[in-house]
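Report on the structure given below.
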Amino acid sequence: MRKKISKIIKPKTSSNKNPRHSPPAPSNNNHPRYWLLKTEPNEWSWDDQSSNNGITKWDGVKNKQAQNNLKSMKLNDLCFFYHSGASARRVVGVVKVVKEWYIEGSGSDDGVVDVKAVGEMKSFVDLKEMKKDEELKGFVLFRQPRLSVVAVPEEVWKRVCEIGGGYEAAEED
């Protein structure tokens, strides 16, 4: 009988020079992590998100990697609201996590997080524009374009916000 040999893969250390390939740092209330949430605008648009006090359940995520990203989200983490689809691939706004992962329904795959609209981008940031930017090279969005929930390293978050001129924060009630 032959023994199965496993290959041990060590995680990259802090000497990793390309932060765009690293997962977000651990979250706490003072330092949120950053994410990107994709939606088809004809199914759930920024206008839909902005209504109902801007709060909604982010559900319908079936991909295991995307679900794991949702499960990793913590209270007050910030997320780019990204319109996907043939005619509108762009960051249009920012939402924040207001309720962490919970199960809704009968299956373990029926988990959701609640997010609230924070504000609309001053200028929408198109996917083509992001791909041309040297500072965004290697961003996981470009390598895994079908992933609906994507971790966003802080450097990428800042650069996308810079390209879009920031976002207009909605007034809190």
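A donor-acceptor pair is defined here as one N or O able to donate and one able to accept, closer than 3.5 Å; such a pair exists between the side chain of E100 and the backbone of L75. Although no hydrogens or angles enter the test, the distance criterion places a donor-acceptor pair under 3.5 Å between the side chain of R143 and the main chain of G138. No donor-acceptor distance shorter than 3.5 angstrom exists from the side chain of N53 to the backbone of I55, with no hydrogens or angles considered.
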Worked check of side-chain contact (heavy atoms from CB on, under 4.5 Å) between W35 and V95: CA-CA 10 Å; W35 307 91; V95 296; over 6 Å; no
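Closest heavy-atom contact between A88 and P41: CB-CG, 4.2 Å. Residues K96 and L78 share a closest heavy-atom pair of CB-CD2, 3.6 Å. Between V149 and A66, the shortest heavy-atom distance links the atoms CB-O, 3.8 Å. In plain terms, the two heavy atoms of I163 and L136 that are nearest each other are CD1-CD1, 4.0 Å. Here the closest heavy-atom approach between residue F139 and residue P153 is recorded as CE1-CD, 4.4 Å. Across every non-hydrogen atom of W157 and V152, the tightest pair is N-CG1, 3.6 Å.
Counting only heavy atoms from C-beta outward, the side chains of Q49 and V115 approach each other to under 4.5 Å. For the pair F80 and Y34, the minimum side-chain heavy-atom distance is 4.5 Å or more. You'll find the side chain of R146 stays beyond 4.5 Å of the side chain of N63, heavy atoms only. At least one side-chain heavy atom of L141 sits less than 4.5 Å from a side-chain heavy atom of Y82. Contact check for Q65 versus Q144: side-chain heavy atoms found under the 4.5 Å cut-off. V113 places none of its side-chain heavy atoms less than 4.5 Å from the side chain of D77. Taking 4.5 Å as the limit, some side-chain heavy atom of C79 sits within range of a side-chain heavy atom of M73. Here the side chains of H83 and T39 are in contact, with some heavy-atom distance below 4.5 Å.
Atom CD of Q67 is separated from atom CH2 of W101 by 4.5 Å, given to the nearest 0.5 angstrom. Y167 OH to E120 CD: the interatomic distance, rounded to the nearest 0.5 Å, is 13.5 Å. K62 NZ to K64 NZ: the interatomic distance, rounded to the nearest 0.5 Å, is 8.5 Å. The CG atom of D126 sits 9.5 Å away from atom CZ of R89, with the distance rounded to the nearest 0.5 Å. Rounded to the nearest 0.5 Å, atoms NZ (K132) and NZ (K137) are 10.5 Å apart.
W58 and V98 fall into different hydrophobic clusters, where Ile, Leu, Val, Met, Phe, Trp and Tyr side chains are chained together by heavy-atom contacts under 4.5 Å. Both W44 and M121 are part of a single hydrophobic cluster, where members link through side-chain heavy atoms under 4.5 Å apart. Hydrophobic clustering keeps V112 apart from L147 (ILVMFWY residues linked when any side-chain heavy atoms are closer than 4.5 Å, directly or through intermediates).
Between E155 and K158, no side-chain nitrogen of the basic residue sits less than 4.0 Å from a carboxylate oxygen of the acidic one, so the salt-bridge criterion is not met. Under a 4.0 Å N-O distance rule, the pair E162/R159 qualifies as a salt bridge.
A search for side chain to side chain donor-acceptor pair (under 3.5 Å) contacts involving E43 returns nothing, not counting sequence neighbours.
For the residue pair D48 and S45, a side-chain donor N or O sits within less than 3.5 Å of a side-chain acceptor on the partner.
Other residues, nucleotides and ligands contribute only 12 or fewer heavy atoms inside 6.0 Å of the NZ atom of K128.
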